[in-house]
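Let me begin by presenting the structure, written as structure tokens, before commenting on it.
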Amino acid sequence: MRTYPIPMVPGPVRVPEEVLQAMAVDYASPDLEQEFLDCYQRTAENLKKIYATRESVVIQSGEGMLALWGALKSTLLPGERVLALATGVFGYGIADMAAQVGAEVTVYGLEHDQTLSNWDAIEALIKSLRPKMITVVHCETPSGTLNPLNELGRLKTKYGVPLLYVDAVASAAAGPVLTDEWQIDLCLGGSQKAISAPPLAAFLTVSAQAWEIVEKVNYKGYDALLPFRSAVEDFYFPYTPDWHGLAALETATNLILAEGLDNVYARHERIAHLCRQEVVEMGLRLFPGSDAVPSPAVTAVYVPENVTWVEFNRRLREHGLAVGGSYGPLAGKVFRLGHMGSQADEGLMRQALEVISKVVREL
Ligand SMILES: *Cc1c(COP(=O)(O)O)cnc(C)c1O
């Protein structure tokens with residue numbers, strides 16, 4: 001029996017039974033074997049479909065942050081210019097990470113309740129700055145927003161920016177992530193958000209142009225991308241193969257593709273809409289501004305005024321509902337419902353809304 005039978009934390013999400021079972025198998029041998037590489041390739045093919053790309057996909061053992069760091073360190077050299085588009089905790093965080101790597105970072109930043117919309121201002125910055133890389137977050141999980149990205153690829157190509165880096169950790173498999181159409185070079189993901197596996201894999205798409213840069217930069221480190229370029233052909237892995245983790249990821253992505261991506265996205269839209277509508281009807285206030293794009297994966301809501309977050313959270317948990325708090329400037333002010341992947345479920349959402357409504361009425 002679960003302590004919190006109504007899981008609504010925006011990652012890690014509830015892991016489906018089939019995925020748990022895939023981890024409970026005794027695989028061929030714990031060492032690197034052809035069967036492991038076959039599973040790696042099948043899983044990479046699944047991820048290519050989810051990321052709408054014909055470029056390559058790298059899967060690393062670890063979690064989302066590993067790929068976020070690895071992709072920066074593998075492509076940037078000290079002093080190179082980066083334009084970081086930031087609308088939330090992860091967007092500003094990635095700007096700091098790029099600065100840690102030694103890049104010369106310019107931040108185009110908005111408030112956390114906003115999403116990108118002023119493409120003229122962004123174009124002017126790209127034109128004057130001529131960055132090597134543009135970074136952006138698709139779904140800002142801490143604030144429940146979704147940055148539209150279709151314009152960005154056009155600008156990247158118009159000004160010959162070598163790399164577009166997109167954190168799609170929370171949006172992949174919750175809504176369309178059109179990597180090739182949006183001309184993304186490095187599109188990042190993690191296993192425990194909408195993919196609905198445990199937190200055991202980080203993955204990313206790598207464009208041909210990005211691979212050339214990775215070769216040139218030649219970064220060596222635990223999170224380096226380069227060893228993955230020829231890992232399958234060379235029958236070589238930079239570390240111990242995680243058979244169980246990879247099997248979980250393959251099964252989780254199989255489930256998504258079996259349902260059909262369009263159906264999966266429609267399910268997320270429907271549940272996200274239901275969530276926003278009901279929360280507003282209870283008299284609560286949504287966090288994203290009225291001109292911001294809300295995320296299909298997570299809804300951020302202001303904590304009611306007459307209660308602290310700690311007390312509100314305690315009461316929700318008393319009724320078996322686990323939601324997320326938030327981070328940075330939103331900590332204590334905003335709570336979040338993670339309706340991504342396995343949790344984009346109408347029955348589960350209705351149970352969660354019932355608990356919130358009851359707790360709000362009793363305040
Ligand atoms: C969860 C998340 C990450 C970090 O992933 P971890 O797997 O927790 O390391 C990065 N970016 C976004 C937008 C996320 O939601």
Side-chain angles (χ1 to χ4, degrees), residues 7-15 47 50-51 58-73 84-98 100 109-110 112-116 135-149 164-175 177 179 184 186-205 222-223 242 245 248-249 252 268 272 287-288 292-300 323-328 330-331 334-344:
M8 272 285 154
V9 170
V13 304
R14 181 174 67 173
V15 179
L47 288 169
I50 292 169
Y51 279 83
V58 165
I59 305 167
Q60 299 176 296
S61 299
E63 47 169 317
M65 293 310 295
L66 182 82
L68 260 64
W69 277 111
L72 292 174
K73 292 190 200 163
L85 308 178
T87 64
V89 171
F90 283 101
Y92 285 100
I94 290 166
D96 288 344
M97 288 159 64
Q100 283 289 321
L110 301 180
H112 291 227
D113 60 352
Q114 296 300 304
T115 47
L116 298 176
T135 67
V136 68
V137 176
H138 194 204
C139 167
E140 269 290 357
T141 323
S143 33
T145 56
L146 189 82
N147 279 308
L149 298 179
L164 176 54
Y165 171 109
V166 174
D167 173 348
V169 175
S171 51
V177 175
T179 303
I184 301 168
L186 299 156
C187 197
L188 303 127
S191 52
Q192 83 276 23
K193 301 285 169 74
I195 305 280
S196 307
L200 42 73
F203 35 81
L204 70 160
T205 71
Y222 180 62
D223 50 359
D242 176 7
L249 187 58
H268 280 80
F287 173 72
V293 183
S295 169
V298 49
T299 294
V323 301
S326 198
Y327 303 99
L330 310 185
V334 161
F335 72 99
R336 298 172 302 146
L337 293 152
H339 37 75
M340 54 179 80
S342 60
Q343 294 173 194

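Computed from heavy atoms alone, side chains included, the values below leave out hydrogens, waters and symmetry copies. Whatever order the structure lists them in is the order used to number ligands and atoms, beginning at 1.
A side-chain contact (heavy atoms from CB on, under 4.5 Å) with Glu140 holds for exactly one of Leu146, Thr145, Asp113, Thr115; it is Thr145.
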Exercise answer, ligand 1 polar atom pairs (N/O) under 3.5 angstrom:
unit_1: ligand 1; atom_1: 7 (O); unit_2: Glu63; atom_2: OE1; d: 3.1
unit_1: ligand 1; atom_1: 7 (O); unit_2: Gly64; atom_2: N; d: 2.8
unit_1: ligand 1; atom_1: 7 (O); unit_2: Gln192; atom_2: OE1; d: 3.4
unit_1: ligand 1; atom_1: 7 (O); unit_2: Gln192; atom_2: NE2; d: 2.7
unit_1: ligand 1; atom_1: 8 (O); unit_2: Glu63; atom_2: OE1; d: 3.1
unit_1: ligand 1; atom_1: 8 (O); unit_2: Gln192; atom_2: NE2; d: 3.2
unit_1: ligand 1; atom_1: 9 (O); unit_2: Glu63; atom_2: OE1; d: 3.0
unit_1: ligand 1; atom_1: 9 (O); unit_2: Gly64; atom_2: N; d: 3.4
unit_1: ligand 1; atom_1: 9 (O); unit_2: Met65; atom_2: N; d: 2.9
unit_1: ligand 1; atom_1: 11 (N); unit_2: Asp167; atom_2: OD1; d: 3.3
unit_1: ligand 1; atom_1: 11 (N); unit_2: Asp167; atom_2: OD2; d: 2.5
unit_1: ligand 1; atom_1: 15 (O); unit_2: Thr141; atom_2: OG1; d: 2.4
unit_1: ligand 1; atom_1: 15 (O); unit_2: Lys193; atom_2: NZ; d: 2.7

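Taking the side chain to side chain donor-acceptor pair (under 3.5 Å) definition, one finds that Ser171 meets it with His138, sequence neighbours left out. Scanning for salt bridge (Lys or Arg N to Asp or Glu O under 4.0 Å) contacts around Asp242 gives an empty result, with sequence neighbours left out. Applying the side chain to side chain contact (heavy atoms under 4.5 Å, CB included) test to Ala67 and every residue at least two apart in sequence or in another chain returns Gln60, Leu188, Ala202, Leu204.
Formation of a donor-acceptor pair under 3.5 Å by the Ser342 side chain with backbone atoms of Arg14 is found in this model.
Ring-plane geometry between Tyr51 and Phe203 is classed as perpendicular, the angle between the planes exceeding 60 degrees on a 0 to 90 degree scale with a lower cut at 30.
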